[in-house]
Amino acid sequence: MSRKVTRRKFMAGTAAGAALATLKFPTPAIAQAAPFKIGLLTIKTGPLAQGGIQMEQGIGLFLKHKNNTLSGRKIEFISADTGGNPAGAKTKTQELVERDKVNVILGPLAAFELLAITDYVRDNKTPLISLAAAEDVTQRKANPFIIRPSATSAQCCHVMGDYAAKELKYKRAMTISEDFAFGYEQMSGFQRVFEDNGGKVVKKLWPPLVTPDYTPYIAQIQNVDCVFNGFAGSNPVKFMRAYADLGVKAKIPLLAGWTAMDDALLRSLGDEAAGTISVAWYSADGKTESNQRFVADMQKDYGVLPGGYTAGMYIAGQCVEAGIQLAGSKADDRTAFAEALHKVSLTDTPRGPVKFDHFGNVIGDVFVRKCEMKAGKPVNTVIKTYPGVSQFWTYDEKAFLANPVYARDYPPAKNLEH
Amino acid sequence: MSFLTPQRAAIAAALLLLVTLPIWVGNPYYINVASQILFFAVFALGLNVIVGYGGLVSLGHAGLAAIAGYTAALMLAAGHGHFISDFAAILVTLAASAVFAVLSLRGTGIGFLMITLAIGQIIWGILYRWSSLTNGDNGVNVSGRPAPFGISLASADSFYYATLLVFLAAVATMAVFFRSPFGASLRGTRDQARRMTALGYNVWLIRFLAILISGFWSGVAGLLFIYYNQFISPQVATLTASAEVLLMVISGGTATLLGPIAGAAIVVIMKNVVSAYIVRWNLVLGVIFVLIITFMPEGLVPGSVRLWRTAWRKLSRRDGVIPAKTEPTP
């Protein structure tokens with residue numbers, strides 16, 4: 001009911017505006033359009049809630065910086081809690097699309113959520129800017145309505161494989177990660193590049209998502225040059241503590257994916273994190289102008305050091321702004337807006353330059369970082385930047401896509417030892 | 001007996017309300033919420049057969065629904081038709097329910113509960129870890145909804161009506177079943193299992209059949225679930241999913257026809273609609289359950305009837321009417 005009234009008021013308003021315009025008040029036509037609606041799929045309940053709350057802070061800060069107006073369009077922001085499960089993600093997406101009629105969806109967080117809604121957003125022609133990493137959404141099952149300014153699961157891990165083999169000269173590695181899609185895709189990406197450069201992955205461990213004690217897994221770690229871990233959520237904190245407490249850290253260096261050493265985790269960590277080398281598509285010590293403002297304001301408003309979840313949604317906001325600008329008068333046409341999003345190219349984001357390949361996945365810098373203790377606190381410092389990394393790494397796109405998607409046993413690990 | 005008893009009038013009004021729902025609701029989002037309520041109600045009604053009438057509390061039923069969902073989803077993904085996939089899904093679910101029954105009927109009470117919990121977890125574990133078959137955590141996509149008799153179920157309205165038909169069929173069979181001698185014997189096994197044995201009833205067989213019926217409707221609900229979501233993942237078989245349906249039955253009122261439906265409505269509405277306005281919707285749901293258990297330990301539907309009767313009796317006493325000494329059983 002109220003919706004109808006608003007629409008009627010809005011029609012009256014537009015009519016009045018048009019009348020005024022003819023009486024030579026040349027206001028820009030776009031300023032009178034209906035608000036541009038952004039829906040956020042986040043997780044505020046359950047074990048993944050921490051990242052979900054950081055996502056909301058990221059887009060919240062961006063809209064605050066922009067005074068809730070992007071490219072001259074007033075923004076209406078709607079946040080929906082999926083509860084961290086696929087059916088919840090589906091229902092909440094329906095809510096955003098059918099009830100709220102949003103122009104664009106940001107999120108979701110988890111790969112299994114994204115996989116549950118990718119067909120739906122395509123069928124309902126709703127553009128989506130993903131944080132979740134599920135590889136195939138921008139590969140073998142590419143969706144023209146989705147772009148991903150964060151990274152695929154393996155995008156950073158390819159870099160780690162390269163760095164570990166070429167710069168650190170490691171020969172033998174073990175991998176450990178949660179037993180789910182994000183873990184498989186990360187570890188496989190690392191293994192492929194590491195082995196293509198002469199390394200050997202000799203053991204792969206898969207503890208379940210909920211593991212109360214990592215001791216039995218860590219006890220199996222021996223006779224390798226490094227351990228690559230891809231934990232997510234709050235698991236990295238638990239794992240790194242056990243890794244240090246059991247005395248393995250002193251002997252075997254630890255490598256980490258982006259979720260396993262996210263800057264937002266640092267406040268929960270101490271000495272046990274020192275020395276860990278990680279790869280990430282966002283680093284809080286990035287030198288771009290927008291990053292310095294982003295980090296300073298996150299400290300001011302929320303008192304936290306932002307990590308990838310926060311930055312990912314801030315950058316998603318920047319993509320929306322650029323998309324509205326590119327689409328111009330067609331910004332309300334969902335298909336045209338999705339096409340515009342694919343053409344977005346940004347030079348100054350918290351992670352550095354951002355552009356998209358023809359599948360809608362980001363081509364951007366990936367940072368190798370070393371965790372060091374500064375004034376008693378662990379801090380990640382960038383030691384090497386790989387510029388313009390694609391989701392296909394240096395592999396040929398066609399050959400890459402001809403293979404199956406990265407999985408628990410693909411590519412097969414030929415060098416496993418027992 | 002007159003043709004238009006208050007009860008029949010109420011049923012007719014409820015039917016009219018349900019059939020015209022898409023017209024007065026309008027927005028497809030809310031029609032979809034209504035569809036969800038209906039298929040969760042089918043699930044809860046199925047579970048109620050053994051929880052309410054059989055006195056056997058199961059924490060593994062989400063596993064049975066998941067088996068139906070996965071069978072159909074995997075067969076559809078392999079290129080089979082909707083009819084054959086759904087038919088196979090129901091058959092597989094019935095077979096699984098039979099195994100479920102044979103194992104779990106080794107015990108009653110807590111024993112039964114623990115075995116069903118374990119079976120539910122095993123099913124979840126298989127779906128989660130046997131990734132070469134089930135695609136593990138990534139789940140299985142269902143590419144489209146069926147079009148029985150040429151009517152596509154792709155839109156919110158048509159899917160709602162299809163779900164409504166199934167729901168009405170479930171309610172009707174439940175109503176008939178519980179008035180039947182078999183329904184009475186099931187209640188007998190709940191209240192006085194040893195006497196039933198002494199009277200010559202095969203208690204085990206009665207319970208076994210009840211679990212099959214319950215499994216059948218869980219499977220039907222599982223099918224509606226995958227067609228609604230067009231996606232299935234191991235999350236549907238988690239303990240939380242089983243507990244949620246059990247909560248629907250218990251909060252609405254066990255051993256009643258309307259109770260599980262009311263319970264399904266509460267949970268689905270809290271989860272989908274209220275969560276959009278209240279971040280801590282889990283807390284609100286918890287408070288509602290605590291209130292229901294405190295003031296209506298028998299469940300929302302029987303509890304409301306009792307409170308209504310008490311209030312009505314007090315009102316009529318004020319008018320000088322002497323109340324009947326024994327109240328008629330509901």
Side-chain angles (χ1 to χ4, degrees), chain A residues 1 3-4 39 42 44-46 49 52-53 56 78-101 110-120 123-124 134-137 141 178-185 206 208-209 405 407-410, chain B residues 25-33 35-36 39-40 62 66 69 124-125 128-132 135-145 154-156 225-226 228-238 240-241 244 268-283 285:
Chain A
M1 201 53 204
R3 221 164 267 276
K4 275 183 188 153
T42 181
K44 291 189 210 165
T45 45
I53 290 163
E56 199 170 74
I78 304 147
S79 174
D81 173 18
T82 66
N85 71 72
K90 181 72 191 288
T91 321
K92 286 299 165 185
T93 312
Q94 284 176 328
E95 181 184 313
L96 291 176
V97 171
E98 290 164 15
R99 193 184 68 171
D100 301 320
K101 305 201 163 34
F112 52 73
E113 294 182 290
L114 180 60
L115 290 164
I117 61 173
T118 168
D119 287 346
Y120 178 83
D123 293 346
N124 287 277
E135 298 252 324
D136 257 357
V137 173
K141 294 171 188 159
E178 282 105 349
D179 199 358
F180 63 13
F182 180 59
Y184 305 155
E185 293 179 354
W206 306 108
L209 180 57
V405 68
R408 202 174 199 258
D409 44 17
Y410 190 85
Chain B
V25 166
N27 187 315
Y29 171 70
Y30 291 104
I31 298 171
N32 279 330
V33 171
S35 303
Q36 288 192 62
F39 65 71
F40 272 110
W124 172 80
Y128 186 51
R129 300 303 292 268
W130 191 357
S131 38
S132 56
N135 209 12
D137 193 48
N138 289 338
V140 184
N141 270 304
V142 176
S143 54
R145 290 175 181 168
S155 78
F225 179 92
I226 60 153
Y228 174 78
N229 283 306
Q230 297 184 30
F231 178 79
I232 189 164
S233 75
Q235 300 258 353
V236 292
T238 53
T240 329
E244 208 169 79
V268 172
I269 289 174
M270 292 303 294
K271 232 168 104 167
N272 295 317
V273 183
V274 178
S275 64
Y277 305 99
I278 304 168
V279 177
R280 305 262 170 257
W281 61 273
N282 270 327
L283 185 76
L285 188 61

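Chain letters run A, B, ... following the sequence lines, proteins first, then strands; residues in each count from 1.
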Please flag which part of B:Tyr128 lies under 4.5 Å from any non-hydrogen atom of chain A: side chain, backbone, both or neither.
-> side chain
Is it the side chain or the backbone of B:Tyr29 that comes within 4.5 Å of chain A heavy atoms, both, or neither?
-> both
How many angstroms lie between CG in A:Asp119 and CZ in B:Phe231, if you round to the nearest 0.5 Å?
-> 9.5 Å
With a 4.5 angstrom heavy-atom cut-off, could you sort out which part of A:Ala111 is near chain B: side chain, backbone, both or neither?
-> neither
Determine whether more than 12 heavy atoms belonging to other residues, nucleotides or ligands lie under 6.0 Å from atom NZ of A:Lys101.
-> yes
Here the pair of heavy atoms bringing B:Gln235 nearest to A:Pro86 is CG-CD, 3.3 Å
Looking only at heavy atoms, the pair that brings A:Arg408 and B:Arg129 closest together is NH2-NH2, 3.2 Å
Donor + acceptor pair across side chains of B:Asn32, A:Glu98 (<3.5 Å) | yes
Would you mind checking which part of B:Asn141 comes under 4.5 Å of any heavy atom in chain A, side chain (CB onward), backbone (N, CA, C, O), both or neither?
-> side chain
Which atom pair, heavy atoms only, marks the closest approach of A:Asp81 to B:Trp281?
-> OD2-NE1, 3.6 Å
Tell me, for A:Asn85 versus chain B, whether the close heavy atoms (under 4.5 Å) come from the side chain, the backbone, both or neither.
-> both
Atom NZ in A:Lys44, atom CG in B:Asn282: separation rounded to 0.5 Å?
-> 12.5 Å
Could you tell me which non-hydrogen atom of A:Thr91 sits nearest to which non-hydrogen atom of B:Gln36, and how far apart they are?
-> CG2-NE2, 3.2 Å
Examine whether an atom of A:Ala80 lies under 4.5 Å from a heavy atom of chain B, and if so say whether it belongs to the side chain, the backbone or both; otherwise answer neither.
-> neither
Here the pair of heavy atoms bringing A:Lys90 nearest to B:Gln230 is NZ-N, 4.2 Å
Residue pair B:Tyr277 / A:Arg99: nearest heavy atoms and the distance that separates them = OH-NH1, 3.3 Å
Portion of A:Asp179 that has a non-hydrogen atom of chain B nearer than 4.5 angstrom | both
